[in-house]
Each structure stands twice: as structure tokens, then as C-alpha cells.
Amino acid sequence: MKGPNATAWLAARDWKPFAFQRQVWTAMARGQSGLLHATTGSGKTFAVWLGALQALIDAKRLKADAANSSKTASTEIVVPDAHPNPHAQPNAAPLTVIWITPMRALAADTLRALKEPLTEMAPHWSAGARSGDTTSGERSAQDRRLPTVLVTTPESLSVLLSRADAADNLGRARLVVVDEWHELMGNKRGVQTQLAVARLRHLNADLMVWGMSATLGNLDVAQHTLLGPGRDGVLVQGKTPKRLTVDTLLPPRTDRFPWAGHLGISMLPQVVEEIERSGNTLVFTNTRSQAELWYQALLDARPDWAGLIALHHGSLDHGVREWVEAGLKSGALRAVVCTSSLDLGVDFLPVERVLQIGSPKGIARLLQRAGRSGHAPGRPSRITIVPTHALELIEGAAARDAVAAGHIEAREVPQQPLDVLVQHLVTVALGGGFMPEALLHEVRSTAAYAQLSDADWAWCLAFVRQGGEALGAYPDFHRVQVDANGVWRVPDARLARRHRMNIGTIVSDASMAVQFVGGARLGQVEESFAARLKPGDCFLFAGRLLELVRVHEMTAWVRRAQGQRPAVPRWNGGKMPLSTTLADAVVDQLELAADGRHSSPELRAAKDLLAVQSEWSALPTRHHLLAEVLHSREGTHLFLYPFAGRHVHLGLGGLIAWRVARHSPTTFSIAVNDYGFELLSPTHTDWAELLPQVLRNAESDKALQQEVLDSLNAGELAQRRFREIARVAGLVFQGHPGEQRSSRQLQASSRLFWEVFRQYDPGNRLLHQAEQELLALELDMARLQTALARMNQQTLMLHTLERPTPFAFPLMVERFREKFSNENVAQRIARMVAQLEKAADGPSRRKARDKSQSPEGEDEGDVQAVLDTLDFGRDSPVSRRTGDRRPRRERKPPRPLPPL
DNA sequence: GACCTGCTGCGGCCTG
């Protein structure tokens, strides 16, 4: 009688196991934990799953086998007959495997994939999924008895851990698998997963832990973070990634290609042509509104594609998204315009072609998206970057070189987020209660809290017990109480329920449902967008032109509309900066161009533009820091290009403005993008003299950090971070399902806690955490330090400009947006572009020089006229930066320093 | 609360 045998199972399907699959089986048979790194669709799920079946069904015997066997032992492990009674389900084996995925849809897909070998290899095992999608029927069945294999999410697992019988039920688990670990490890969901794994390991010391991850720059850290410090594991490298092509869709005429912008609609004809030529195509965009606009533009260009192309992003209703995913799987859809929503999940898409509109932002992200194509055997993956402005041409070549060199971003891991720990303490108190010393030991066995101090631990305990120092008078925050035996529990049923409803670490902005009157739900728009619409107004959403009928109880009721020029919803999403890896690769390309080596098609396409940049100023390189100064009627513009990503540029800009303002009181406005930033002062500023002084390194990292905090409106920024922390820590209740509370209500309550703590409990660790998160996540402090240090090594090249260069122009455009409606900006930019193009024409180089002798030159005058219409006079100070989710960026002169 | 270009992801109540 044959038991589970992975090799046989694969052989029956004509599959030969890969070497990495055998490695996983051997390791699992020995009871080892590990991390499997493999590309999507390479068979990693089966590797782990078949290995698990083999290893777990008769563990005792297998252990003996493994002990007796040499390293080269066969992995064809045979165990005794496994009671193949198909009707045995109600008596199925108890919970043995917990399989965690980051997405509900992926949980469902995974369950389907796992079930197939299950019926054959372990008929006495049952399998089921538990997530927010699970119906109440399944739920109550699971409450009586969990399946042998439970496929779930980190949040649902935490909810299970909060049940009073958690130890009995979950303590039986012998294997935890975390799929897509790279998606979780870098955020608080990953920390929550670490804590859950530690809990399970506490319940069963022999627990095996396996992770699966896509390509990362720091796999060792990924493994260490999952398994816990000081725990050995196996790192299995999956099948070598298939061949990958990174190329760029070049515009037909690069001399007419926009210098700034993000939409890229000018590339529409070429994109249509690519889709026409290819099989199924995924068109990735960087934002949801961009996806909406591109979908519409494609339909306008090809009305016959109605029904053949679709739209997919995170604010569309699940029903809509599932329909699109099904269309992709069946091959019915020719193209789907999407955002990161299709980065993960949806197994085995038959996608042939992947287009990336706009900057890919990072190499890991590019690889992930590229991996969506070329699933057919022998076919390479291919991703084509569609540049939206001239400098993005260079990103294509840069990305290709970085991929070839194997430069991939590392993923940073959160350290000791106390809000997550506080939540976990209440969860465990609910799940049967805890004794503090034992739990501390368990918590310290995770990578995130290995260094947790006794003081922090004591603070967290006090916080769940009486809300810390400030909230002692409020029974709602006496969540955990110590019983007569010294066990910490949650006795109050109402608080228990409230906690279970609040489990998780994802915090999103309040949104409003969009629904047809008497019909289907379409998705979600942000409350703030809906608030600006009046009944009768039109907007573009879910690929349709809609008219708002009314807003009622957090739902925007709509009907189809025609004609009218619509608004496009904007979502206040995250803003990923260009990664260090990709930014460095871009600088390398500029270096090549500076040497006259235009070896790639992209560089050749950008050659004229780069020539203009060199002619009017210079090209930034690894060893040269480019600074440009332009005097206009607005004042003095400084453009600086550290290539450190938008977050760092904001911090650096603020820092430099702060340092200058200490010498001479001035008001600056700041504009940033991923390549550099602009500082504009209304008065004359002598940057040639000032810049070398204010660029200096700080005395210490600590001092630099303080300067950056001082230079920003740090209090307000930290308060916004605190909002999320308050929700994760369970201070702010988000309401019952279906009873959405408006963002105003939530805002008000988190603000109240912020103020109460500041006043009555300034030592509150959550306040400190908000500041730390602000520094680490929003200001990218570590990267800022590196960038500043590097700038100090570089040779400063300061060029005085006659007109904005190709590098400076996008920064100026960035600033215009805040003053005018889009249309006005478009018109004004069109005029500026026309002027600049004239000046940039071949023969114009001489003209440009001539004009420097006659500043009244025609072109010069017109550019100035354009700038003048922008009205950044002294009376209308530019106050706010766009796209930063930051408060006012105005630099108030600090109080004069006391004499030394 | 502030954003206007700005991703993704989760969970939960009540009653019989």
C-alpha cells in the first residue's frame, strides 16, 4: 500500500520534480523549517504542499527515516495506508497545517490547488479556507471543528487566536506555511504574522515553519524574520528565473516628447498598436485615476474594443474585479488596464504582454510585474516600459541594466511597533489568557521584538490594563484584567467583541460606496472626492461616465450619464519614491551619456534632450552634484538633483531651507520629484556662497534627525501617523460593519487621544512611535543620511541658468499645479513647452548663447511672459506643495539666534 | 484633515 509520495504524484502527471522541490521535501522530512525562494508559477506551492503531506502524515516514522538516511536519501517516502475512506470527512484529522496568504482571493485559489493532491494522497484530511469571505455556515462548522488544512490570512488567524479555545484547536498545528512572505515581511501585517507564529510555536515547540518569497535583495533577512532569531532553517533557491526582457516603447519623435507629466497619453497610438499586435496584455499604471483615464482613452481610440478590454484597481467593487479576473483567466479579455491590484494573486494568468506606463519605481516591482507574462513554456517574460516624459526614457535602460546586474531592492522590516504588540496582548488575553513572563519570552522570540526592553514591555502591559497614565478613568480602556490566578484575561464581553472587530493592521481612509440607483455596486471613492460633487455632476469611475444622483448614508448613488466633461476621482494613496537601486541605475545611465556612450535605444532616444541639458547646464553623475540657479520675477530658484527619491528630497529641501533661514530670514517654497527638488525664494539668494555651507553633514545622525524634525511641521505630520497607530492599538473604534463612520468622526477621536496624551501622558510610547514612523517611513531618514553624506563627497557643479533645463522644468511644472485648474496648467505648460522647444532646436544653441548677450531676446521674453502669467508675486506666496500629504511647507524664519 | 497624480492588503456585530 502506498501512502503519500510526491514523486509518484508528479510522475502520474508527467511532471519531473525540480531539484528545488526535492530539496524542500528532504528538509521537511527532517522536520526542518525554511524559506523557499522561487518565481511565480514555478511550482513552489506544490513543492511545499507535497512535502508537507509526505512529512506530516506519519511523522514518527519519517523522523526515523530521516535520521537513518544519508543526505542523498531518496525523498520517495512511503507511509502506510492512510484510511482512504471518502466519507470519513467528519472524522477527518485535526488541524495540522495552517497556510497563510496575504489575500482572500489567493486563499481561495490556494485551497483549490491544495485540494487536488489531497483527495489522492490524504483522503482522511480535510481542507478549508477561513477569511472574511467565509460564509457564516462554514464559519460555524469551523467553530465546531477546524479542517486539517486551514488556508487563511494573518488577520483571520489572529481572530482565531483570540478565541477562548485557541490553545486546544490551534495548538495542534504542526506546520505553518506563509505564502508571498515578501509582501508581508515589510509591514505590520508581517509583524502580526511573526507574533502569531510565535504563539503557535509556543503551543507546539516542534512546529515547522515555511515561507515562500519572490525575489528580494535580502532573502537572508526574510528568512530570519520569519523563523525568528537564532533559529536555523533551510534557504531553498527555486528554479532560476526565466529569461526576462526589459524594453521601452519609444515615442516616434523624441524632440516632441514632453519633458514633464505623468499620464503618458501621448503614447496612446503606440500602446494601441502593441495591444493590437499581442495576445492578452496587462497595462500597468501607477495610480487608479491614471488607470481610469487610460482605459477611457483606449476605448475612445478603439470603440470596437468595448467588452474586450477592462479595468482593474483596488477601489472597484469585488464583483467587478472578479469578473475581470475571470475574463483574464479564460482569455476572453484582450487587455486589462490595472494598478498593483494585479501584482499578486490570480494564479496562472494567460498573459502574453506586460506594459508598464510610467516609472516602474523599483526593480523588485518591475520583476513582479514582468513575471505576469510568458507563462507559456519556453517563452521569456517581457515587460515594456511606456515612458510618460522624457527622463523616463532613461529609466528603461537603467532598469534593464540593474536587472542584468542582479541589483534588487532589499525590504526593510519594522522594528518593535508597539501598537501591534498592544493589539496582540489583548488578542492573547482573549484567547485563553496569558502569564506575563511566559508571554514576554514568546514575544522576544520574534525578530521584531527580540530587543524589546523590560520597560517597553511593562508599558504595554499597563496600557492594556488601564490605558496607560492618562486613560485610567475610562473603563473602556481597562481591557485586560488579572484574575485570581495571575492570568491576564479580557472579562468584558463588549470589549472582547470590539477588539475582535478591530483586529488587523491595515488602516485606510474613509471612503464612500458608489452604487447605481437600484442596481450594482461599482466600488469606492474617497469621501473627500464625493463631498465636492453636487447632484447632477458627472465623473468617470469604473470605466463608466456617471452622474451623481444623491449621497445618502456613506453611499454615492449614481446613474449613467452622457456628454458632459467628467471629473476623475482621485484617491489619496501612498506615494512610492523611486527606489535607491533604480535611482542609482539612472545616474549610471547619465554617466554613460556624459561620456558620449549612448549605447541603448533609450539613451539614443534621449540624446537630444540630454544634449540640451548639457548645453544649458550639465549632467549630474555619480561624482558630481548638479545645482542650477535661475533668477526670475518669482525670485531665485535653486534646483538640486540628489536622485534620492521624493521623500528624501522633501526632507533635504526642508533641511536646506531651514539652515539658510537661520542665516537670513527668508520664505521658501519647495517642489520635489524623484530626481531632485526646487527651492524658490522670493528674494535674491546667493546660492553659490550659501550652498556649500548648508549642505554640510550634521554632527551626528541624531542631530540631523532633530534638524529635519525642526525644519518640518513635524508635530502635525506625526499626528497623522498617530491616527493609524491609535487604530491599530485599539484606541479608536471603527464602528460595526456596515455602519461606516465618517473620516471626520475617526479623525476627531484620534486627535483627541493625541492631545490628551501630549498633555497628560507625554511619555506615552505610542506618541514616540508616531515620530519614529514619521522619520523612518515618510522621511526615509536612513536614506536621507546616506544621500547627504554622498552629496558631501560629490563635487558641486553650480550652473546659473537662463531658462529652465529639461531637469528643472518638471519641478517648475510640479509647482504650477497647485495654483491652477488642470486646464489652465495645461495651456500654460503648452506655451512654455513651445518656447523651450524653440530654444532647444538644433540651431537654437547659438541663439541661446546670443540671447545671453541680449536678454531682451524674443524667446527669453516669451518664457518670462509665461512665467509672469503664473503670478507667484509676493502677495500670493506659494504655500503648499502638491502630492505630499503634508501641511504647509512655508518656511517661517526662525527667531534670531542669541549671540554666541 | 488635507489632498488634488499617488499602490496593495484585512477584519468584525446582532438574533434565533
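Every chain is numbered from 1 and lettered A, B, ... according to where its sequence line falls, protein lines coming before strand lines.
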Between [atom2] on [N] and [atom1] on [X], what's the gap in Å once rounded to a whole number?
{"X": "A/His262", "N": "B/dC7", "atom1": "NE2", "atom2": "C1'", "value": "14 Å"}
{"X": "A/Gln719", "N": "B/dA2", "atom1": "CD", "atom2": "C1'", "value": "12 Å"}
{"X": "A/Asn673", "N": "B/dG6", "atom1": "CG", "atom2": "C1'", "value": "14 Å"}
{"X": "A/Met576", "N": "B/dT8", "atom1": "CE", "atom2": "P", "value": "9 Å"}
{"X": "A/His499", "N": "B/dG12", "atom1": "NE2", "atom2": "C1'", "value": "11 Å"}
{"X": "A/Asn286", "N": "B/dG6", "atom1": "CG", "atom2": "P", "value": "12 Å"}
{"X": "A/His389", "N": "B/dG6", "atom1": "NE2", "atom2": "P", "value": "16 Å"}
{"X": "A/Arg727", "N": "B/dG9", "atom1": "CZ", "atom2": "P", "value": "17 Å"}

[X]: what forms a ring-ring contact (aromatic ring centres under 6.0 Å, His included) with it, not counting sequence neighbours?
{"X": "A/Tyr295", "answer": "none"}
{"X": "A/Trp754", "answer": "A/Phe722"}
{"X": "A/Phe677", "answer": "none"}

Suppose you measure atom [atom1] in [N] against the same atom in [M]; what distance do you get, rounded to whole Å?
{"N": "B/dG6", "M": "B/dA2", "atom1": "C1'", "answer": "14 Å"}
{"N": "B/dC7", "M": "B/dC3", "atom1": "P", "answer": "16 Å"}
{"N": "B/dC13", "M": "B/dG9", "atom1": "C1'", "answer": "22 Å"}

Handout entry: Option from A/Glu724, A/Glu155, A/Glu773 for which salt bridge (charged side-chain N to carboxylate O under 4.0 Å, His left out) with A/Lys188 holds
Key =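 Among the candidates, only A/Glu773 passes.
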
Would you indicate what [X] reaches in the nucleic acid, counting non-hydrogen atoms under 4.0 angstrom: base, sugar-phosphate, or nothing?
{"X": "A/Ser156", "answer": "sugar-phosphate"}
{"X": "A/Arg104", "answer": "sugar-phosphate"}
{"X": "A/Thr505", "answer": "nothing"}
{"X": "A/Arg498", "answer": "nothing"}
{"X": "A/Arg532", "answer": "base"}

Exercise for the section: Please determine, for the side chain of A/Glu716, which listed nucleotide (B/dG1, B/dC10, B/dT8) has the closest atom? Expected result: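 Taking heavy atoms from C-beta onward, the closest nucleotide is B/dG1.
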
Practice task
Output the single nucleotide from B/dG11, B/dG1, B/dG6 whose closest atom is nearest the side chain of A/Arg570.
Solution key: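 Out of B/dG11, B/dG1, B/dG6, the nucleotide with an atom closest to A/Arg570's side chain is B/dG6.
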
Given [N], is OP1 or OP2 found less than 4.0 Å from the side-chain N or O atoms of [X]?
{"X": "A/Arg288", "N": "B/dC7", "value": "yes"}
{"X": "A/Arg139", "N": "B/dG12", "value": "yes"}
{"X": "A/Thr153", "N": "B/dG11", "value": "yes"}
{"X": "A/Arg189", "N": "B/dT8", "value": "no"}
{"X": "A/Ser528", "N": "B/dA2", "value": "no"}
{"X": "A/Arg720", "N": "B/dC3", "value": "no"}
{"X": "A/Arg321", "N": "B/dG9", "value": "yes"}

Handout entry: Position toward the 5' end of DNA chain B (nearest nucleotide), A/Gly314 or A/Gln290
Key =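 The residue whose closest nucleotide sits nearer the 5' end is A/Gln290.
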
Problem - Residue whose closest nucleotide on DNA chain B lies nearer the 5' end, A/Thr287 versus A/Ile503 - result: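 Between the two, 5'-proximity favours A/Thr287.
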
Practice task
Verify salt bridge (Lys or Arg N to Asp or Glu O under 4.0 Å) between A/Asp419 and A/Arg721, making sure each step is shown before the conclusion.
Solution key: CA-CA 12 Å; A/Asp419 54 345; A/Arg721 290 236 60 105; over 6 Å; no

Exercise for the section: Mind telling me whether A/Phe529 and A/Phe539 have parallel, tilted or perpendicular rings, with 30° and 60° as the class edges? Expected result: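 Perpendicular: the ring planes of A/Phe539 and A/Phe529 meet at over 60°.
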
Under 3.5 Å between N/O atoms: give me all the protein pairs with nucleotides 14-16 of chain B, atom names plus distance.
none

Practice task
Classify the side chain of A/Thr339 and the base of B/dC7 as holding, or not holding, a donor-acceptor pair under 3.5 Å.
Solution key: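 No.
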
Problem - Any donor-acceptor N/O pair under 3.5 Å between B/dG11 base and A/Arg130 side chain - result: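 No pair found.
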
Practice task
Using the test side chain to side chain contact (heavy atoms under 4.5 Å, CB included), find all partners of A/Thr581 that sit at least two apart in sequence or belong to another chain.
Solution key: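 For A/Thr581 the side chain to side chain contact (heavy atoms under 4.5 Å, CB included) partners, ignoring immediate neighbours, are A/Ile363, A/His407, A/Glu409, A/Ser579.
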
Practice task
For A/Asp317, check side-chain hydrogen bond (donor to acceptor under 3.5 Å, both in side chains) against everything at least two apart and list the hits.
Solution key: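 Once residues adjacent in sequence are excluded, A/Asp317 has no partner under the side-chain hydrogen bond (donor to acceptor under 3.5 Å, both in side chains) criterion.
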
Problem - Pair A/Glu526-A/Arg570, salt bridge (Lys or Arg N to Asp or Glu O under 4.0 Å): steps then yes or no - result: CA-CA 8 Å; A/Glu526 279 189 12; A/Arg570 265 139 213 182; over 6 Å; no

